[in-house]
Number of protein chains: 2
Amino acid sequence: MTTKPKVPPVRRSERARSAILTATTELVFEVPYGRLTIEAIAARAGVGKQTIYRWWPTKGAVLFDALLELSGGPDGVALPDTGDLRADLGLFLRATVAEMTEPRFDAFLRAVMIEIQSDPDLAEVYRERLLAPQREAIHERLRIAVESGAIRADADLEVAVDLLVGPVQTRWALGLGGLTEGYADSLLELVLAAVNPS
Amino acid sequence: MTTKPKVPPVRRSERARSAILTATTELVFEVPYGRLTIEAIAARAGVGKQTIYRWWPTKGAVLFDALLELSGGPDGVALPDTGDLRADLGLFLRATVAEMTEPRFDAFLRAVMIEIQSDPDLAEVYRERLLAPQREAIHERLRIAVESGAIRADADLEVAVDLLVGPVQTRWALGLGGLTEGYADSLLELVLAAVNPS
């Protein structure tokens with residue numbers, strides 16, 4: 001009597017979960033999101049459709065977990081702090097522009113954008129798990145700059161965070177283009193002027 | 001022999017077109033956009049499905065024409081010019097915040113957002129017909145302010161337009177909330193500081 005090597009159920013689940021998230025990430029780049037189906041994800045991952053529905057209620061929920069995996073967890077959200085505000089925010093803005101214009105990330109984020117317009121619960125999770133930590137990291141860097149005198153004490157830092165992220169996000173979401181390093185630098189100059197002491 | 005009063009074909013077409021756009025605007029507020037169908041629009045408008053497909057290739061195309069009708073054409077895009085930059089931009093920002101938080105307009109714009117993430121051709125038309133005139137109107141008001149000395153001559157006005165529209169647009173698109181008149185005023189202060197002469 002021959003037996004297959006036994007894979008413990010937990011590890012098998014973990015493998016299936018990982019295959020499903022990888023399949024989702026690949027397919028979002030290949031297929032228009034409106035035409036991406038749970039069936040296609042199951043086929044690519046080599047699992048049954050019911051395996052996906054056991055863990056995720058909707059396509060959007062799978063997409064979101066794939067995004068969390070891509071984003072690499074909390075380590076990805078800290079802002080550099082070299083003591084030089086201009087250099088640190090410049091790096092952050094250039095990195096943001098590079099990320100938003102990377103074709104795979106672009107396709108992925110557009111799918112997320114569609115989901116958060118349609119599904120308020122998913123939008124709430126997105127804000128809590130991803131946006132809030134990102135915004136808090138920027139806010140924290142600005143707070144340090146207020147303490148060191150690089151930003152005036154009465155500047156509204158929540159609005160300053162919006163000045164840093166809003167223009168790039170909007171150009172990206174509306175497909176206005178022009179997202180270059182030069183753009184990141186021009187934006188930086190205006191934002192620094194907005195919060196400058198003196 | 002009795003005859004129905006005859007409606008000339010052009011006028012009948014015009015009526016059907018108008019009924020279809022009105023039905024679309026109503027349904028976008030009532031039904032999640034992903035579940036809104038051409039069939040439902042046809043039924044509400046009292047026309048056959050084929051009548052819609054004769055004029056519009058997709059649901060997104062109908063939605064976009066309904067948006068153009070809602071937006072009220074080119075008259076809607078001029079910015080006030082009282083000679084007082086702070087007052088004029090303040091009015092513009094408060095009006096934008098009021099518009100983006102109006103539930104019907106919000107539902108409509110979220111549907112547009114979904115479509116422009118999915119359909120690059122529609123996104124292009126959206127940018128040319130609606131976004132470009134809006135941005136040009138803001139840019140023009142800023143240019144006048146440069147001439148009058150209210151904005152420094154070396155400010156990058158395209159980025160300044162982004163500072164005015166990006167933060168509100170991003171808070172709206174990502175559902176971050178906080179879109180109040182007070183927010184509009186705080187944003188105005190930072191943008192004015194960014195472009196201030198001296």
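Lettering of chains follows the sequences in order, A, B, ..., and the numbering in each one begins at 1.
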query: Considering all heavy atoms of both residues, which atom of Ala61(B) and which atom of Leu122(B) are nearest to each other, and what is their separation?
result: CA-CD1, 4.1 Å
task: Using heavy atoms and a sub-4.5 Å threshold, report which of residues 108-120 of chain A line up against chain B, by residue number.
output: Arg110(A), Met113(A), Ile114(A), Ile116(A), Gln117(A), Ser118(A)
statement: Looking only at heavy atoms, the pair that brings Thr101(A) and Ala98(A) closest together is OG1-O, 3.2 Å
- request: Please list, in residue-number order, every residue in residues 175-196 of chain A that has a heavy atom less than 4.5 Å from any heavy atom of chain B; write 'none' if there are none.
  value: Gly175(A), Leu176(A), Tyr183(A), Ser186(A), Leu187(A), Leu190(A), Val191(A), Ala193(A), Ala194(A), Val195(A)
Atom pair CD (Gln169(B)) and CD (Gln169(A)), whose distance is rounded to the nearest 0.5 Å: 8.0 Å
Shared hydrophobic cluster, Leu93(A) / Leu91(A) (ILVMFWY, side-chain heavy atoms < 4.5 Å): no
statement: Sorted by chain and number, sequence neighbours left out, salt bridge (Lys or Arg N to Asp or Glu O under 4.0 Å) with Glu39(B) holds for Lys49(B)
field: Heavy-atom pair of closest approach, residues Asp106(A) and Met100(A)
entry: OD2-O, 3.7 Å
task: Output the option from Ala123(A), Ala160(A), Gly166(A), Ala132(A) having the highest count of non-hydrogen pairs under 4.5 Å with chain B.
output: Gly166(A)
message: Restricting to non-hydrogen atoms, name the atom on Ala23(A) and the atom on Arg44(A) that form the minimum distance, rounded to 0.1 Å.
response: CB-CG, 3.4 Å
query: Considering heavy atoms only, which positions within residues 142-155 of chain A lie below 4.5 Å of chain B?
result: Arg152(A)
- prompt: Would Ile41(A) and Phe29(A) show up in the same hydrophobic cluster when neighbours are defined by side-chain heavy atoms closer than 4.5 Å?
  reply: no
Donor-acceptor pair, side chain of Ser18(A) and main chain of Glu14(A), under 3.5 angstrom: no
query: To the nearest 0.5 Å, what is the distance between CG (Leu21(A)) and CD (Glu69(A))?
result: 5.0 Å
query: Under a 4.5 Å heavy-atom cut-off, does chain B meet the side chain of Ala173(A), its backbone, both or neither?
result: both
query: Atom CG of Leu67(A) and atom OH of Tyr126(A): how far apart are they, to the nearest 0.5 Å?
result: 6.0 Å
- prompt: Most heavy-atom pairs under 4.5 angstrom with chain A, which of Asp156(B), Leu164(B), Thr170(B)?
  reply: Thr170(B)
statement: Residues Ala66(B) and Thr25(B): closest non-hydrogen pair is CB-OG1, 3.7 Å
Contacting moiety of Leu131(A), where chain B heavy atoms sit under 4.5 Å: side chain
query: How far apart are the closest heavy atoms of Pro57(B) and Tyr53(B), and which atoms are they?
result: O-CE2, 3.8 Å
- line: Separation between CZ (Phe64(A)) and CZ (Arg129(A)), nearest 0.5 Å, reads 6.0 Å
Distance, nearest 0.5 Å, that separates NZ of Lys59(A) from OG1 of Thr24(A): 10.5 Å
